[in-house]
Amino acid sequence: MESTLRRTWAEINLDSLIYNYKKIREKTGPDVRFLGVVKADAYGHGAIMVAKALEENGADYLAVSSMDEAMELRLHDIKMPILILGHTPKDQVERLIDFNITQAVTCKAKAVEYSEEASRLNKTLKIHIKVDTGMSRLGYLCDGDFFENGVLGILEAINMPGLEAEGIFTHFAVSDEPGDKCRAYTEHQFKLFTDVINHVEEMSGKKFRLKHCANTGAVSEYPKTYLDMVRPGLLLYGYGEFAKKMGLKPVMSLKTNISTIKTYPAGTAISYGGIFVTDSTTRVGVLPYGYADGFFRSLSNKCSLMTSAGPAKQLGKICMDMCMIDVSNMQGVTVGSEIEIFGEKNPIETLSDIAGTIPYELTCAVSKRVPRSYIKDGKVIEKELLLRL
Ligand SMILES: *Cc1c(COP(=O)(O)O)cnc(C)c1O
């Protein structure tokens, strides 16, 4: 069943996505491959459609966070290589191999598990070695005193039966932060990463085909980190300061309609808790958009949403399914008028700043009951609802 798109919906502009993709490739040049990060349902944009668009336009690789996310793409006919960045239990090794999914290997214990399982099956699992150069999350710890041990651990893994080490990667912790300290930290991470690679390649006599580390901040600010492949997420979706600097376009526009308008006298308390009380006659619009759609309740009474007549202040507590806005002195704004929550007219960064967070969290929070409407060549090509109808 098709969504009615009559409540709140997200327009996913695939033309903007491909525009951003091409701009990034222009910047990184013809010799650098492109891995599109499509974890978390492509940051809320819809992984299947985003992956299809990237595949059609010649991207080289995709990355997801889990087996389920990888399988969603394979079951929807995405053929290009997929890397799982997070952990996959060893009982899934056969599926990884059979569906040609590449697995990150982050430590000795996982390498042993995967190797044993692949050998038992008489098959080969494609892996990318993850190096921890300072993110302190996943990966072979290689900094300072851990260098030698880290290098030996990686050497051991790439020689294990049943594993084919196609690539090696690391992740930057502060490449998107300003200042000399963050620059020095990122430079150190990069140098450590290349030192590890050089040692491993020298000692093993083998070369990694794909060395990669450049996330959004690095693609924008650290061209020397591109190596064989870049790995941006946010930049591809067109948000944040680096996207702005490169002239990229926001891919998602989250929209809703005014369902009801009422005019209240001064002294009227609006919504739960009565935290907002009108100080004069106020024309209030009700929107079918609330925290169950991904509107942070912590933004209550603190932000504005965009009408055709300019920004309208959000009034009172945000409810589960609704919120209220002030449309006084906006006579052109009536029941049925379209409101942009964030998008081309109301930058997502304004909302994420007020919420004390980053744009990533807002696009990921757009919930499954918000249908995605995909636009290609200026036309809606598909409407997708994630509810179980
Ligand atoms: C999420 C993620 C990325 C993409 O990060 P952006 O900041 O969105 O560019 C790249 N690499 C890894 C390992 C990640 O987890």
Side-chain angles (χ1 to χ4, degrees), residues 17 20-21 23-25 27-28 32-45 47 50-51 54 59-67 69-70 81-88 101-107 110 127-142 166-178 182 185-186 189-190 193 210-223 225-246 248 250-252 348-349 352 357-365:
L17 178 88
N20 296 345
Y21 162 76
K23 278 275 179 192
I24 297 169
R25 294 214 83 159
K27 183 171 166 62
T28 58
V32 176
R33 290 175 212 228
F34 186 98
L35 178 153
V37 180
V38 296
K39 65 194 183 195
D41 204 22
Y43 293 36
H45 295 70
V50 167
L54 291 175
D60 302 283
Y61 234 106
L62 297 169
V64 296
S65 72
S66 67
M67 186 76 201
E69 288 183 350
I82 300 174
L83 170 65
I84 297 183
L85 299 165
H87 172 61
T88 304
I101 297 164
T102 310
Q103 174 61 44
V105 168
T106 56
C107 64
K110 313 268 189 220
I127 61 165
H128 284 203
I129 298 286
K130 175 83 184 270
V131 186
D132 183 353
T133 55
M135 175 69 182
S136 310
R137 195 171 64 181
L138 295 180
Y140 284 85
L141 196 49
C142 286
E166 176 194 53
I168 186 164
F169 70 113
T170 194
H171 194 43
F172 294 125
V174 293
S175 62
D176 57 346
E177 302 277 348
C182 292
Y185 198 91
T186 304
Q189 278 197 272
F190 183 63
F193 182 50
L210 294 173
K211 313 183 224 341
H212 51 105
C213 57
N215 58 359
T216 287
V219 169
S220 174
E221 302 302 301
Y222 299 87
T225 66
Y226 296 167
L227 302 178
D228 298 315
M229 182 159 78
V230 292
R231 210 174 63 225
L234 196 74
L235 198 63
L236 183 57
Y237 304 110
Y239 313 112
E241 53 174 321
F242 303 119
K244 202 168 166 190
K245 200 165 154 184
M246 284 177 66
L248 306 185
V251 173
M252 184 189 295
I348 193 169
E349 294 81 6
S352 60
T357 186
I358 48 179
Y360 303 71
E361 199 181 355
L362 292 192
T363 64
C364 285

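Indexing begins at 1, ligand by ligand and atom by atom, following the structure's order. Nothing here was measured: the structure is a model prediction, and the numbers come from that model.
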Worked verdict on F34 versus Y21 for ring pair (Phe, Tyr, Trp, His ring centres under 6.0 Å)
CA-CA 9 Å; F34 186 98; Y21 162 76; 4.8 Å; yes
[X], portion touching ligand 1 at heavy-atom distance under 4.0 Å:
| X | value |
| --- | --- |
| H171 | side chain |
| H212 | neither |
| T216 | both |

Looking at ligand 1, does any of its N/O atoms fall within less than 3.5 Å of an N/O of [X]?
| X | result |
| --- | --- |
| G233 | yes |
| K130 | no |
| P232 | no |

Give the atom numbers and elements of ligand 1 that come within less than 4.0 Å of a heavy atom of [X].
| X | result |
| --- | --- |
| L234 | 6 (P), 8 (O), 9 (O) |
| Y43 | 1 (C), 4 (C), 5 (O), 6 (P), 8 (O) |
| R137 | 15 (O) |

At a 4.0 Å cut-off, with the gap strictly under it, does some heavy atom of V37 reach an atom of ligand 1?
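Under 4.0 Å: yes for V37.
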Do side-chain atoms of T106 reach the backbone of K130 as a donor and acceptor pair under 3.5 angstrom?
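It does not hold such a pair.
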[Y] and [X] side chains, donor-acceptor separation under 3.5 Å:
| X | Y | value |
| --- | --- | --- |
| T216 | D176 | no |
| T102 | Y61 | yes |
| R231 | H171 | yes |

Ignoring hydrogens, what is the shortest heavy-atom contact between A218 and T225? Give both atom names and the distance.
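Distance-wise, the nearest heavy atoms are CB-OG1, 3.6 Å.
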So which atom in R33 and which in R25 form the shortest heavy-atom distance, rounded to 0.1 Å?
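Shortest heavy-atom separation between R33 and R25 comes out as CA-NH2, 3.5 Å.
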Shortest protein heavy-atom distance from [atom], along with the residue and atom involved:
| atom | result |
| --- | --- |
| atom 11 (N) of ligand 1 | R231 NE, 2.9 Å |
| atom 7 (O) of ligand 1 | Y360 OH, 2.6 Å |
| atom 15 (O) of ligand 1 | K39 NZ, 2.6 Å |

Flag side-chain contact, heavy atom, 4.5 Å: F242 against E221:
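Sidechains of E221 and F242: in contact.
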Just wondering, do Y237 and L17 contact through their side chains at under 4.5 Å, heavy atoms?
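Of all side-chain heavy-atom pairs linking Y237 with L17, at least one is under 4.5 Å.
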